[in-house]
Amino acid sequence: MHQKKPFLWRLCCAGAILTSILSFSPLVLPPGVFTPKLGPVPYSLWMGILLTIFLVLLTYLGARVHPGHKEEGKI
């Protein structure tokens, strides 16, 4: 697992950057449409919630695989 940490860390960084770019794309904010809805909640709010959940999970994973992270319990 020690060998894979730098790769996973870079993957987390790339995922965070890609998610940030995606959050301003037409996929999340459709152009020319003011009220798209999924159920009673606007589409852009659903996408914002999903992107936030993804970023929280990515942050947790990034904290676990950070190259400077020292695992507790190991000597």
Side-chain angles (χ1 to χ4, degrees):
M1 178 70 178
H2 183 66
Q3 307 293 339
K4 292 184 179 183
K5 277 191 173 185
F7 173 73
L8 291 175
W9 170 247
R10 288 189 187 111
L11 193 63
C12 287
C13 291
I17 291 169
L18 186 65
T19 303
S20 297
I21 293 170
L22 181 70
S23 66
F24 294 105
S25 73
L27 181 64
V28 176
L29 303 169
V33 180
F34 298 107
T35 57
K37 297 214 181 248
L38 284 175
V41 180
Y43 172 78
S44 57
L45 181 61
W46 276 117
M47 288 302 292
I49 291 169
L50 291 175
L51 286 173
T52 301
I53 291 170
F54 180 71
L55 278 176
V56 167
L57 293 174
L58 197 61
T59 301
Y60 174 76
L61 179 64
R64 302 293 297 166
V65 300
H66 186 272
H69 174 72
K70 294 182 182 178
E71 295 185 26
E72 295 180 21
K74 280 195 169 184
I75 299 175

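FYI, the numbering just counts along the sequence from 1. Computed from a predicted model, the values in this text were never measured in an experiment.
The cluster map of Ile, Leu, Val, Met, Phe, Trp and Tyr, joined by side-chain heavy atoms under 4.5 Å apart, puts Phe7 and Val65 in the same cluster.
For Leu51, the side-chain contact (heavy atoms from CB on, under 4.5 Å) partners two or more places apart in sequence, or in a different chain, are Thr19, Leu22, Ser23, Val28. Listed by chain and residue number, Ile49, Leu57 satisfy the side-chain contact (heavy atoms from CB on, under 4.5 Å) test with Ile53 (two or more places apart in sequence, or in another chain).
How far CE of Met47 is from OG of Ser25: 7.5 Å, rounded to the nearest 0.5 Å.
Scanning all heavy atoms of the two residues, the minimum distance from Gly15 to Leu58 falls at C-CD2, 3.5 Å.
Summarising the hydrophobic clusters (Ile, Leu, Val, Met, Phe, Trp, Tyr; side-chain heavy atoms under 4.5 Å, direct or chained), the residues clustered with Ile17 are Ile21.
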